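Here's the structure we're looking at; comments come further down.
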Amino acid sequence: MGTVTVGVSIAVPEPYGSMLQQRRAGFGDHAAHSIPTHITLLPPTEVEAADRPVIEGHLASVAAAGQPFPLKLSGTDTFRPLSPVVFVRLTEGAASCAGLQERVRAPEGPLARELNFPYHPHVTIAHGIDEAAMDRAQEELADFEAAWLITGFALYEQGVDDGVWRLVREFRFPGRPPLPSVPHQGMSRPAAPAP
């Protein structure tokens, strides 16, 4: 049966996903249209194709133990000079993403692996292109903001012939969304009785 390359990620929803993908392509990143806009939980990992049912069972268990959480993107940053990447930053939800990716890569699970760099959740908007284009990506999306509720994650597989990442299966959290927080307004006075 051979091996396949899989990844696990949180998709950036519409309209943000398509917009960031188009901007990435506009900066000259030729990989833009083969990679859905996402936050990585498991980087590209080669596995035995026959292990897919076990992997999907593991991811279903991870999702079953999870719960929805808020996520916010705001502004840009870069991993340069360590890595030729410009990205949109997570300003809320990073700790929840970190915990989730640890469970996906659990040492006792089928996706156990070491990372090349410490985990830092982000949304890539330019990778491996010339420095001027990377600078432009970082500047032009510096005021980008988006927020939504994360309700699950997905398994993707990379096409052998075309390198395109395709959705295999989505995994949803069973928990209810957290209630929105209400800012503390101080003590309230009881309402006056009606005349």
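It should be emphasised that the depicted structure is a prediction, and the values quoted were computed from it without experimental measurement.
Between Phe69 and Phe173, the two ring planes are tilted [angle within 30° to 60°].
Within the 4.5 Å cutoff, no side-chain heavy atoms of Val62 are placed close to those of Phe171. With a 4.5 Å cut-off on side-chain heavy atoms, Leu71 and Ser96 do not count as touching. The side-chain heavy atoms of Val47 and Pro110, taken from C-beta on, include no pair separated by under 4.5 Å. Residues Leu90 and Leu73 have side chains in contact (heavy-atom distance under 4.5 Å, counting atoms from C-beta outward). Here the side chains of Gln21 and Val12 are not in contact, with every heavy-atom distance at 4.5 Å or above. For the pair Leu155/Arg52, a side-chain contact is recorded, criterion being any heavy-atom separation below 4.5 Å from C-beta on. Residues Pro15 and Met19 have side chains not in contact (no heavy-atom distance under 4.5 Å, counting atoms from C-beta outward). Counting heavy atoms from C-beta on, the side chains of Val86 and Leu141 never come closer than 4.5 Å.
Note that CD of Gln101 is 12.0 Å distant from CG of Leu111, once rounded to the nearest 0.5 Å. Phe27 contributes atom CZ, which lies 10.5 Å from atom CD of Gln138 (distance to the nearest 0.5 angstrom). Taking CD of Glu131 as the reference point, atom CZ of Arg136 lies at 13.5 Å (rounded to 0.5 Å). Atom-to-atom distance recorded for Phe153:CZ and Leu42:CG is 10.5 Å, nearest 0.5 angstrom. From Asp77, atom CG reaches atom CZ of Arg89 across 6.5 Å, with rounding to the nearest 0.5 Å. Note that the CD1 atom of Ile125 and the CD atom of Glu140 stand 9.5 Å from one another [nearest 0.5 Å].
Within 6.0 Å of CG on Asn116 lie no more than 12 heavy atoms contributed by other residues, nucleotides or ligands. Shown here is His30, whose NE2 atom has no more than 12 heavy atoms of other residues, nucleotides or ligands within 6.0 Å.
At distances below 3.5 Å, at least one donor-acceptor pair connects side-chain atoms of Asp130 with backbone N or O atoms of Ala133. With Glu145 contributing its side chain and Ser74 its backbone, the two residues share no donor-acceptor pair below 3.5 Å. No donor-acceptor distance shorter than 3.5 angstrom exists from the side chain of Tyr156 to the backbone of Pro44, with no hydrogens or angles considered.
Identified under the salt bridge (Lys or Arg N to Asp or Glu O under 4.0 Å) test for residues 95-117, with sequence neighbours left out: none.
Between Trp148 and Pro13 the shortest heavy-atom distance is CE2-CD, 3.2 Å. Counting all heavy atoms, side chain and backbone alike, Met134 lies closest to Val85 at CE-N, 3.5 Å. Contact record, Val6 with Trp165: C-CZ3, 3.6 Å, taken as the closest heavy-atom pair. For Ala25 against Ala32, the heavy-atom pair with the smallest separation is N-CB, 3.5 Å. Nearest approach of Leu41 to Cys97, heavy atoms of both residues: CD2-O, 3.8 Å. Gln158 approaches Gly163 most closely through the heavy-atom pair NE2-O, 3.3 Å.
Connection of Leu100 to Leu115 is established within a shared hydrophobic cluster, with ILVMFWY side chains joined at heavy-atom distances below 4.5 Å, either directly or through further cluster members. Tracing side-chain contacts under 4.5 Å through hydrophobic residues (I, L, V, M, F, W, Y), one reaches Val168 starting from Ile10; they form part of the same cluster. Clustering ILVMFWY residues whenever any of their side-chain heavy atoms sit less than 4.5 angstrom apart, transitively, puts Val123 in the very cluster that holds Ile150. Hydrophobic clustering, with ILVMFWY side chains joined whenever heavy atoms are under 4.5 angstrom apart, groups Tyr119 together with Leu59.
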Going through the distances and angles, do Asp29 and Arg24 end up as a salt bridge (charged side-chain N to carboxylate O under 4.0 Å, His left out)? CA-CA 6 Å; Asp29 189 332; Arg24 183 173 178 176; 2.8 Å; yes
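Ring centroids of His120 and Phe87 are separated by less than 6.0 Å, placing the two rings close together.
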